[in-house]
Amino acid sequence: MAFIGKLGDQTFTVDIEETGKSVYRVSVDGNEFIVDGKKTGRTNYSLIVDNRSFEIEVDNTDDEYRVLVDGRNYHINLVDERRVRVGGAQGGLELQGRQKVVVPMPGKIIAVLVSEGDQVEKGQGLVIVEAMKMENEVHSPITGEIKEIKVKPGDTVEGGALLLIVE
Amino acid sequence: MAFIGKLGDQTFTVDIEETGKSVYRVSVDGNEFIVDGKKTGRTNYSLIVDNRSFEIEVDNTDDEYRVLVDGRNYHINLVDERRVRVGGAQGGLELQGRQKVVVPMPGKIIAVLVSEGDQVEKGQGLVIVEAMKMENEVHSPITGEIKEIKVKPGDTVEGGALLLIVE
Amino acid sequence: MFKRILIANRGEIAVRIARACRELDIESIAVYSEADRESLHVKYADYAYLIGPAPSAQSYLVIDRIIDVCKKSGAEAVHPGYGFLAENAKFAQRCKDEGIVFIGPSPEVIDQMGDKVKARQIMKAAGVPVVPGSDGILTSEAEVLETMEQIGYPCMLKAVAGGGGKGLRLVRSRREVVSAYRAVGSEASSSFGDPRLYVEKFIVKPRHVEIQVLADSYGRVIHLFDRECSIQRRHQKVIEESPAPGLEDRTRRRLGRIAIQGARAVGYVGAGTLEFLLDSEQNFYFLEMNTRLQVEHAVTERVVGIDLVKAQIEIAAGGYLPWRQRHITQTGHAIECRIYAEDPERDFMPCPGRIEGLRLPEGLGLRNDNGVYEGAEVPIYYDPMIAKLITWGENRIEAILRMRRALREYQVRGIKTNISFHQWILRHPRFMSGDVNTGFIDEEFKPKANEEVYPHKEIALASAAIAALHGEHERTLGILAKGAAEPSKWRQQRASLRRSAAPGSRGWRR
Amino acid sequence: MFKRILIANRGEIAVRIARACRELDIESIAVYSEADRESLHVKYADYAYLIGPAPSAQSYLVIDRIIDVCKKSGAEAVHPGYGFLAENAKFAQRCKDEGIVFIGPSPEVIDQMGDKVKARQIMKAAGVPVVPGSDGILTSEAEVLETMEQIGYPCMLKAVAGGGGKGLRLVRSRREVVSAYRAVGSEASSSFGDPRLYVEKFIVKPRHVEIQVLADSYGRVIHLFDRECSIQRRHQKVIEESPAPGLEDRTRRRLGRIAIQGARAVGYVGAGTLEFLLDSEQNFYFLEMNTRLQVEHAVTERVVGIDLVKAQIEIAAGGYLPWRQRHITQTGHAIECRIYAEDPERDFMPCPGRIEGLRLPEGLGLRNDNGVYEGAEVPIYYDPMIAKLITWGENRIEAILRMRRALREYQVRGIKTNISFHQWILRHPRFMSGDVNTGFIDEEFKPKANEEVYPHKEIALASAAIAALHGEHERTLGILAKGAAEPSKWRQQRASLRRSAAPGSRGWRR
């Protein structure tokens with residue numbers, strides 16, 4: 001099975017095949033190695049590769065994988081290669097077009113810094129959300145125009161709630 | 001819902017009704033109290049009864065409940081009252097008749113101390129099993145006669161394997 | 001000794017106090033808001049009382065409710081922990097009036113030390129060096145300007161009632177006085193309801209060093225040496241240690257003596273902390289006195305071998321301090337990392353939510369103080385600090401290496417934490433060499449710069465791929481099971497299945 | 001310093017050594033049997049090599065395999081832990097021959113101390129008091145009888161190669177000599193392949209006290225004071241502490257001096273332990289020397305503040321001991337409880353199996369050393385000790401109260417453990433007062449007698465009923481979902497559902 005993996009700004013082709021019970025032949029950009037990979041918990045794996053032992057945590061939401069190796073986090077976007085071929089340039093590539101801006105954590109809206117119709121820069125602050133006694137700015141993912149604003153100061157929002165749409 | 005609970009050599013009638021979300025009206029032998037009982041893990045519960053707080057672990061295999069309260073284990077046999085009425089004297093009452101003797105843990109049979117046809121006393125040693133570098137005797141649950149022996153010295157057995165039948 | 005103590009707090013400190021109570025055979029009484037019914041401190045305590053809705057202003061801060069529970073539960077004493085009502089003189093007074101022992105100093109002392117200007121005056125009078133600044137309250141722009149011209153720039157304009165990084169402004173030159181006065185003045189009135197201001201000399205790149213003191217009701221006062229707390233972000237401590245690295249022995253001894261002097265001057269009883277700023281020449285200036293247990297008390301406990309919460313309880317129960325100053329020594333070195341539910345890669349945004357998985361580091365020389373458990377929900381209403389990790393070593397280097405080892409073992413799933421940020425600090429050459437000041441994080445931390453170090457990228461990619469195979473396998477099982485008659489609880493799961501299967505689901509079939 | 005160390009062990013001690021390696025920036029190499037692929041020590045180490053099938057005779061005890069992995073992996077040193085090859089002189093010799101550093105004393109010393117009769121002779125010559133007994137090997141019944149008549153009854157007949165409670169017999173009078181000779185003699189030949197026997201005076205109700213020593217390759221030897229290990233069951237230690245309660249200071253100092261004398265006499269290098277029997281008049285007699293790390297080393301680490309595994313590694317790497325005897329002090333009191341996978345209510349039957357749930361105690365003053373994790377399988381092939389819990393206190397009482405508190409927090413699901421048994425010991429008045437000897441458990445523990453104490457029976461019954469309601473609810477969901485096309489993995493569950501639903505299933509419907 002083949003995947004396209006993105007890590008930072010690099011893209012890799014990852015081929016994987018289960019050759020024995022929990023033993024995998026993996027190739028990353030053609031560089032092949034054998035992984036003895038046991039699942040030892042809900043998101044915990046024990047990997048032995050060339051006698052090197054790794055304890056790994058893997059969390060994912062859809063195609064976004066958060067992999068913890070040796071105390072370091074790797075954010076990987078991993079997509080089935082065929083899906084990339086069929087669906088075109090998806091997943092992890094430069095964001096374009098209509099973007100939903102959601103709040104990353106539950107909290108209270110302190111201020112909305114923009115109005116509908118405003119032109120915003122990528123990275124510009126849009127909304128201030130308070131959670132856990134701290135104020136946090138939610139930034140624009142792209143340069144564009146504010147299309148719709150879904151919240152107002154004083155609102156309490158759940159994590160993942162839609163704040164506004166920028167296009 | 002009514003249960004018959006056995007703890008040690010005492011028998012109790014336990015009535016329980018969920019009166020609110022995770023709030024129960026419980027009565028033990030007519031002594032009624034309200035339990036705010038939240039499930040806080042797979043087998044972990046937080047109980048508040050009259051503002052007394054208990055963190056409790058409950059494990060069960062069928063009707064046998066192992067309840068850990070304040071670092072102390074309570075072995076409870078809990079059966080639906082209607083089942084007792086329908087099925088007669090079941091569960092937790094004095095063992096009688098044909099008894100299967102199983103090995104409590106996986107290990108290796110070191111010696112079989114009895115032969116088929118032997119008369120044995122309740123508590124008499126029947127089989128010696130080695131596990132984890134220690135030898136352990138399996139005792140007879142009743143006074144009776146050895147009907148069938150299913151293992152021989154040198155056998156490796158899984159936990160729960162049938163050793164012999166005593167009647 | 002008390003039979004029952006009410007813990008007017010939540011989170012790790014409430015659990016920590018309940019543990020001390022249990023070791024003293026004292027029953028602990030937890031209070032909880034509606035958001036905390038399933039929190040660890042409720043599970044841990046012997047008794048638990050609901051005191052109101054989630055927001056702390058309606059629960060943990062409501063004095064009447066706490067007093068009411070004391071009476072109902074028969075608690076003879078209250079431990080306030082830190083935060084919430086810990087430095088609230090009215091609460092301490094109310095306890096006194098109701099005949100409940102407040103585990104802490106008298107309301108008068110709390111009141112005096114809570115007023116930064118008054119505290120400064122008292123300490124100055126007691127011979128404790130203070131930061132040069134205004135001697136009294138400033139109420140006009142003109143007064144502020146005059147004082148600053150006298151002291152010299154840079155200086156800080158502060159609201160008397162401020163704290164925790166709020167209600168203050170750095171003034172670098174005469175030009176900035178007006179705007180600073182307006183900003184701090186209005187914040188003081190609006191946020192704190194107290195317009196009083198004062199001015200302090202701004203110490204350039206100071207270190208934050210503090211002294212722990214213990215005093216009984218019979219006039220005996222001892223100090224438990226120093227803590228270094230310079231690693232701060234937005235004026236919140238992140239890492240603390242004891243002893244303070246590179247502190248000259250002469251300075252350490254003087255700090256200890258002066259801290260005792262200060263504590264005596266206010267008639268202090270209980271455990272308290274005098275905070276000092278230390279400049280690059282090892283001059284120190286009194287900053288403020290915290291009339292409560294500190295978050296970082298654990299590093300002191302480890303190097304001096306005294307359980308501070310038990311000491312607080314014994315003192316409050318009228319016990320005599322069993323130690324004289326000569327009994328107190330610092331053995332080895334202890335470091336504490338505060339574990340916050342926040343995302344260092346996204347500007348430290350708080351991350352409340354459910355802790356799906358939690359594996360703590362273990363082994364020689366470490367201590368976990370947690371307010372959470374696997375499966376617990378971190379509520380949005382309270383402080384994002386979910387745990388503390390303390391390591392000890394024969395010396396500072398061993399303590400640091402052990403902390404690195406321990407942080408590597410630390411696994412939290414479901415929410416993000418600052419664990420990797422701690423690792424970054426602990427590997428920083430400046431931190432290693434003890435060259436720290438309160439500006440360390442601002443000066444050194446560039447979140448983007450660290451992102452690109454991927455020593456094990458092939459392993460990480462392989463792991464993600466293996467997890468994807470497992471995930472696909474489970475999904476296949478799930479889809480097969482979907483045909484069944486499902487109870488309502490399953491609907492949500494089905495919906496999310498549908499959602500994830502929507503756009504390119506063909507790709508997921510082999 | 002070494003770059004890589006191979007750990008020729010498994011379980012908690014392998015993890016503990018790997019942690020020390022990580023703190024020293026040394027790469028750790030684990031070896032594992034087929035039963036241990038998913039064990040914690042494999043996950044924790046930097047490298048891992050399979051060395052054979054589950055039985056230790058085919059894996060952890062195969063010297064060739066270990067040496068082979070050393071060569072393949074580039075390990076410069078081997079840490080043997082305790083048990084397995086730790087006191088195998090042949091293994092130490094083989095390492096030496098292959099140019100691999102064995103972290104422990106020389107093969108000659110291991111050999112000498114492994115032979116109980118030789119060890120006794122050497123120690124006696126060095127001025128270490130030994131238990132009165134035969135000075136040499138006894139080979140005939142007549143010799144045994146003669147010796148016993150000289151020493152006086154009661155005495156012990158022991159096999160030279162025996163140990164761990166095997167190959168020994170108590171002889172109370174002349175009448176019992178013949179049968180003891182036959183039993184021990186045949187066990188010696190058949191089990192140990194070494195028919196040599198010796199006789200020792202039997203000390204009535206002795207305490208087991210031991211002294212930890214550290215020696216470098218340059219002749220410096222220090223002791224790290226005493227440990228009390230009298231709480232034993234079937235000659236296996238269960239609880240250990242340091243310092244030994246009630247030991248007179250004079251005796252403690254003499255024990256330390258004599259231990260150093262003994263270690264010097266054999267030219268000891270590394271960490272070792274001299275075990276003594278202590279009678280009720282505080283006379284002590286050398287029992288044996290363990291030429292390795294002990295399970296209970298952690299209590300010494302805590303009270304003297306030295307990491308013994310790191311010290312072993314430093315010594316093996318040719319380091320000088322950085323401490324002189326005057327630097328070593330005991331601070332406070334430490335206690336260790338060994339957590340075994342066994343069932344105290346069923347004659348301590350071992351309980352291997354899967355650990356479904358594991359929550360360790362945390363907080364001030366405790367240490368968890370574990371060889372398992374939640375989800376781990378405890379194999380049937382090895383020792384049932386799965387973890388150690390160590391607490392520290394300012395004094396013995398605090399350490400005990402903290403241990404009780406900690407054991408109450410300890411939750412293990414899926415397998416049975418001796419945690420409640422520890423609680424029983426820790427609440428026993430004789431243990432509390434320090435009145436212990438090696439017969440304590442036999443004298444005091446009556447498993448049935450404790451069963452009937454149910455302080456919270458209504459809570460327990462209510463909990464079981466609540467769990468039953470939850471279980472029923474889940475079962476209902478499961479039965480509803482059963483109609484679906486199920487993949488093979490589900491079959492087992494369905495079968496068990498059918499089984500449990502069989503006799504009275506109507507009763508479960510509301």
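Quick note on labels: first sequence line is chain A, next is B, and so on, each numbered from 1. Quick note: numbers below take in every heavy atom, side chains included, and nothing from hydrogens, waters or symmetry partners.
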For the backbone of D/His456 and the side chain of B/Tyr74, can you confirm whether one donor and one acceptor N or O come within less than 3.5 Å of each other? yes
Euclidean distance, D/His470 NE2 relative to B/Ser22 OG, rounded to 0.5 Å: 6.0 Å
What part of D/Glu356 gets closer than 4.5 Å to chain B, counting heavy atoms only: side chain, backbone, both or neither? both
Could you measure the distance from the CG atom of B/Asn73 to the OH atom of D/Tyr454? Nearest 0.5 Å is fine. 10.0 Å
Contact part of B/Asp70 toward chain D, heavy-atom cut-off under 4.5 Å: side chain, backbone, both or neither? both
Kindly determine whether B/Gln10 and D/Lys457 satisfy side-chain contact (heavy atoms from CB on, under 4.5 Å), including the steps that lead there. CA-CA 10 Å; B/Gln10 289 180 282; D/Lys457 56 175 180 276; 4.3 Å; yes
Which of the residues D/Ala462, D/Gly357, D/Ser420 is involved in the greatest number of heavy-atom pairs with chain B at under 4.5 angstrom? D/Ala462
By side-chain hydrogen bond (donor to acceptor under 3.5 Å, both in side chains), B/Glu57 pairs with (sequence neighbours left out) B/Thr43, B/Asn44, D/Arg413
Shortest non-hydrogen contact from B/Tyr65 toward D/Ala467: CE2-CB, 4.2 Å
Could you give the distance from CZ (B/Phe54) to OG (D/Ser463), rounded to the nearest 0.5 Å? 8.5 Å
Can you list the residues of residues 28-36 of chain B that sit under 4.5 Å from chain D, counting heavy atoms only? B/Val28, B/Asn31, B/Phe33, B/Val35
List the atom of D/Ile415, the atom of B/Arg66, and the distance in Å for their closest heavy-atom pair. O-NH2, 4.4 Å
Check the pair D/Met349, B/Glu137 against side-chain contact (heavy atoms from CB on, under 4.5 Å), reporting the backbone distance first and the verdict last. CA-CA 8 Å; D/Met349 193 159 308; B/Glu137 255 184 29; over 6 Å; no
Does any backbone or side-chain atom of D/Leu407 lie under 4.5 Å from a heavy atom of chain B? Answer side chain, backbone, both or neither. neither
Please find the pair of heavy atoms, one from B/Val67 and one from D/Ala464, that lie closest to each other, and give the distance. CG2-CB, 4.2 Å
Whether B/Glu55 and D/Arg359 form a salt bridge (side-chain N of Lys/Arg under 4.0 Å from carboxylate O of Asp/Glu) is what I want to check. yes
Can you tell whether the side chains of B/Arg42 and D/Glu474 come within less than 4.0 Å, N to carboxylate O? no
Drop me the distance from D/Ile459's CD1 to B/Ile56's CD1, to the nearest 0.5 angstrom. 6.0 Å
Just verifying a value: how many Å separate B/Lys39 NZ and D/Leu469 CG, rounded to the nearest 0.5 Å? 12.0 Å
Region of D/Leu461 that comes under 4.5 Å of a non-hydrogen atom in chain B: both
Is D/Pro455 in contact with chain B via its backbone, its side chain, both, or neither, using a 4.5 Å heavy-atom distance? both
Go through the atoms of D/Arg404 and report whether side chain, backbone, both or neither lie under 4.5 Å from a heavy atom of chain B. neither
Within a radius of less than 6.0 Å around NZ of B/Lys38, do more than 12 heavy atoms belonging to other residues, nucleotides or ligands occur? yes
